[in-house]
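Input: a single structure, listed below in structure tokens.
Chain naming here is simple, since letters A, B, ... match the order of the sequence lines and numbering starts at 1 in each.
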Amino acid sequence: MEELLTGLNESQQQAVMETEGYIRVIAGAGSGKTKALTHRYAFLVNALGIEPSNILCVTFTNKAAHEMRRRVKKLIGGEQDTGFITTYHGFCVRVLREDIHRFFYPKNFVILDVEDQKTLLREIFEDLGLKLNDKTFKRILDKIGMLKGNTHYVNQMITRDAMVPLDDAGDLDSQIIQLYLKKQKRVFGLDFDDLINFTFVLFHKYPKVLGKWQDRLFYIQGDEFQDSNEKQFELMRMLAEKHHNLFVVGDPDQTIYEWRGADPKYMVEFQSFFPDAQTIFLNQNYRSTPEILAVSNSLIKHNVFRVDKEMITENQEGLKVIHYHGKDENEEAKWIVDKIEDLLKKKQASKDEIAILYRANYLSRFIEQALIKENIDYTIFGGFKFFDRMEIKDAIAHLRMIAFGDDLSFARIVNVPKRQIGKKRMQFLRERAEADGLTLYDTLKKYVDHPRLQRTQAQQFIDAIESLRSRKKDNHVSELLQDALQRTGYEAYIREDGDQERLDNLTELLHSIVQYEQTMGEDIELEEYLQMLTLYTDNDLEGKSNTVKLMTIHTAKGLEFPYVFLVGMTESVLPNVRTLRDRKERGLEEERRLAYVGMTRAEKELYLTESEGYQSGGVKKYPSRFIFELDEDAYQRIGILDEELEKEAKEYIKAAYGTDRVANEQGHPKGTKVRHPVFGEGVIEEIDHKKNTYLIYFDNLKAPRPISRNFKRLEVIDQ
DNA sequence: ATTTTCGAGATTTTT
DNA sequence: TCTCGAAAAT
């Protein structure tokens with residue numbers, strides 16, 4: 001108990017021991033959010049004697065869940081099962097594994113990832129004689145996504161009955177969607193949205209099931225709550241309805257996922273959802289120097305839609321934040337790399353301590369080139385992932401074939417290595433499967449002696465799968481995989497290909513499964529393992545050690561680094577021009593929060609860099625408005641930003657959509673009566689933010705005139 | 001007619 | 001770096 005509270009300040013202690021009821025902790029960057037959460041969990045277990053299986057703790061990423069489990073285990077002892085420290089989706093899978101059988105789905109439903117969805121759609125397109133391009137794919141997927149919230153859709157998916165068209169508009173898209181849903185139902189597939197939607201329907205349709213889970217979960221905790229969307233919030237609210245213990249942690253200033261449905265209102269207006277809720281503020285920053293904090297604070301203050309909170313710190317003073325202005329990208333990159341070498345040599349910093357953050361992935365390019373030139377090791381995060389690799393997907397498909405025998409896995413591996421089952425024979429199988437209502441694999445078994453399947457190695461494939469299936473129960477997942485790759489000839493196939501890297505990857509996969517078995521208990525069911533695996537994306541930061549880390553600001557969320565370079569701080573990149581166009585003020589504020597998140601990752605030193613030149617479309621580059629919004633005495637500028645350019649930049653920013661608050665305050669609202677030195681009196685009809693003009697109807701003119709908002713000699717007429 | 005090449009342009013990402 | 005479309009080459 002003592003131990004649980006050491007190293008915590010008063011408000012953190014309060015947050016830990018405040019155990020009953022609805023509690024929100026509004027905690028700024030670097031204030032120990034995760035610490036409060038882990039310590040509270042440990043407090044519940046150690047001091048109050050609550051079983052971990054009665055505590056649900058949800059996070060957004062597996063990585064966060066993993067980190068949380070690690071830290072909790074340190075405090076409560078490693079023996080205990082912390083399985084309910086998980087992601088929203090992970091939790092839904094657990095619920096569905098227990099209760100989805102109430103629907104027509106089997107316990108071993110298949111979780112579809114994006115690639116699976118693409119495969120299904122591609123098949124449909126091929127059948128229709130069409131080609132599926134990325135744009136169409138996205139559009140259809142979008143439309144399907146919209147349907148997922150529709151109860152009618154879910155109700156159809158959970159019954160044995162055939163699908164009824166959702167609308168009879170009959171345009172090509174809806175036909176395709178109809179076919180898609182039919183296919184999805186046939187493979188017992190659930191996509192990521194379905195996991196949450198089905199859980200909802202399950203809870204609504206079967207109050208007993210909901211009751212069971214409510215009973216079980218005495219305490220519920222939510223991390224990064226400002227990023228939860230309606231469904232996630234609703235799920236938490238439902239589960240907490242019985243015991244009324246919901247404890248959420250978040251920072252509204254770090255909401256950076258509104259564009260994918262997150263709504264900070266669940267955090268900000270927590271009190272209105274739960275009137276008896278309590279609020280605890282954690283506003284001491286333990287991460288950054290006062291200088292870094294001052295700069296970040298001065299930026300975020302410009303947001304209007306905001307719960308006001310100023311972060312403070314008692315940390316030692318450090319270096320002033322630096323803004324570097326370069327003449328072009330190469331100069332910017334060069335300066336950054338020089339600075340890094342400086343840090344490495346003069347300050348004995350290690351490469352691990354340095355991070356380079358940017359708005360969009362393509363911005364890493366120039367930095368990369370410069371780093372290569374100077375021979376500095378680096379790692380880029382957020383590129384391709386281990387589990388996205390072809391050979392890994394194939395290997396997993398073998399396992400899925402043993403466990404589920406689903407059409408998707410079948411199509412993936414039946415002809416790898418070549419078994420003479422190409423397009424034509426696949427087509428035959430698909431037709432037969434459709435007619436007989438069987439899976440592709442069962443169809444293959446049934447028709448293996450059919451003339452159309454002669455001179456194929458179908459029988460060997462069937463033998464391999466059957467023999468593996470018979471041993472499923474008595475073997476560990478890792479052993480099964482090893483055997484599968486041997487027996488089907490897949491390993492030999494990769495070996496012959498001569499690609500050592502692929503072989504190594506397969507070995508690594510085996511290794512990771514063994515590790516998984518060791519942590520989760522060796523008798524883990526194959527089916528469950530596969531479902532968890534689909535939800536798992538590795539974005540393990542410890543990948544390569546002692547390298548400079550490059551990543552987007554989004555990826556850096558929740559992380560901290562002693563030295564941070566926030567690069568490419570160019571107007572229209574950060575803030576991004578498309579965000580400004582699409583989402584107006586809300587967009588601008590989210591971009592500002594993004595910059596804030598980037599800055600507050602830094603512990604010791606923060607560098608903001610940007611450069612002149614031209615970007616796509618020949619648009620001249622100017623420093624980001626966020627640079628100009630910072631307190632001038634809070635940072636130091638390096639590089640010459642001449643007055644002319646600065647003036648030009650500020651004009652440009654004013655003219656671009658989303659003029660800053662100062663300009664708004666200076667401007668006049670719609671309907672204001674004004675006097676113009678030439679045109680005389682008139683009324684402001686419209687305000688065009690893009691062109692930075694008013695549209696004014698003058699009493700003496702027939703048509704309205706656009707007048708610049710910067711025009712100083714426009715007087716307001718008092719009434 | 002079909003493939004290849006070359007240059008320009010680029011949100012952000014998890015489950 | 002990756003993707004997409006137009007122009008060039010087969």
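- For the strand DNA chain B, secondary-structure stems (runs of at least three Watson-Crick or G-U pairs, all distances below 3.5 Å) span B:1-10 with C:1-10.
- In the displayed structure, A:His554 atom NE2 is contacted under 6.0 Å by more than 12 heavy atoms of other residues, nucleotides or ligands.
- A:Phe188 and A:Phe404 have their aromatic ring centers separated by at least 6.0 angstrom.
- Note: CG (A:Leu594) to P (B:dT13) measures 10 Å, nearest angstrom.
- A:Ser364 comes within 4.0 angstrom of no nucleic acid atom, judged by non-hydrogen atoms across all strands.
- An aromatic stacking contact between A:Phe192 and the base of B:dT14 is absent, as defined here by ring centres under 5.5 Å apart and ring planes under 30° from parallel.
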Contacts table for residues 88-98 of chain A: side-chain donor-acceptor under 3.5 angstrom, sequence neighbours left out:
{"from": "A:His89", "atom 1": "NE2", "to": "A:Phe192", "atom 2": "O", "distance (Å)": "3.3"}
{"from": "A:Arg94", "atom 1": "NH1", "to": "A:Gly83", "atom 2": "O", "distance (Å)": "3.4"}
{"from": "A:Arg97", "atom 1": "NH1", "to": "A:Gln531", "atom 2": "OE1", "distance (Å)": "2.5"}
{"from": "A:Glu98", "atom 1": "OE1", "to": "A:Lys212", "atom 2": "NZ", "distance (Å)": "3.1"}
{"from": "A:Glu98", "atom 1": "OE1", "to": "A:Arg216", "atom 2": "NH2", "distance (Å)": "3.2"}
{"from": "A:Glu98", "atom 1": "OE2", "to": "A:Arg216", "atom 2": "NH1", "distance (Å)": "3.2"}

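- Side-chain proximity of A:Thr61 to B:dA10, B:dT14, B:dT13: nearest is B:dT14.
- With B:dT13, C:dT1, B:dT12 as the candidates, the nucleotide lying closest to the side chain of A:Ala360 is B:dT12.
- To the nearest angstrom, P of C:dT3 lies 10 Å from NZ of A:Lys138.
- A:Asp406 pairs by the side-chain hydrogen bond (donor to acceptor under 3.5 Å, both in side chains) definition with A:Arg400, A:Ser409, not counting sequence neighbours.
- Using a 4.0 Å heavy-atom cutoff across all strands shown, A:Glu258 reaches no nucleic acid atom at all.
- Atom C1' of nucleotide B:dT13 and atom CG of A:Leu559 are separated by 14 Å, given to the nearest angstrom.
- For residues 361-376 of chain A, every residue pair satisfying the side chain to side chain donor-acceptor pair (under 3.5 Å) rule, not counting sequence neighbours, is listed here: A:Glu368-A:Tyr378.
- For A:Arg359, the side-chain atoms get nearest to B:dT12 when compared with the rest of B:dT12, C:dT1, B:dT14.
- In this structure, A:Glu329 atom CD and B:dG9 atom P are separated by 13 Å, rounded to whole Å.
- In this entry the distance linking CH2 of A:Trp259 with P of B:dT13 reads 7 Å, nearest Å.
- Close to B:dT12, at under 4.0 Å from its OP1 or OP2, lies a side-chain N or O of A:Asn361.
- Note on A:Asp191: nothing from the nucleic acid sits closer than 4.0 angstrom, heavy atoms only.
- A:Ile256 has its CD1 atom 12 Å from the C1' atom of B:dT14, to the nearest Å.
- Within the structure, a side-chain polar atom (N or O) of A:Thr555 is placed less than 4.0 Å from OP1 or OP2 of B:dT13.
- Partners of A:Tyr266 by ring pair (Phe, Tyr, Trp, His ring centres under 6.0 Å), not counting sequence neighbours, listed by chain and number: A:Phe233, A:Phe273.
- Among the protein residues, A:Phe60 comes within range of the sugar-phosphate backbone only, with heavy atoms under 4.0 Å from sugar or phosphate atoms but none that close to a base.
- Counting to the nearest Å, the P atom of B:dT14 and the CD1 atom of A:Ile196 are 16 Å from each other.
- Between A:His323 and A:His325, the ring-plane angle classifies as perpendicular under the 30° and 60° cut-offs.
- The ring pair (Phe, Tyr, Trp, His ring centres under 6.0 Å) check on A:Phe225 picks up nothing, with sequence neighbours excluded.
- What separates CD1 of A:Ile380 from P of C:dC2 is a distance of 10 Å, to the nearest Å.
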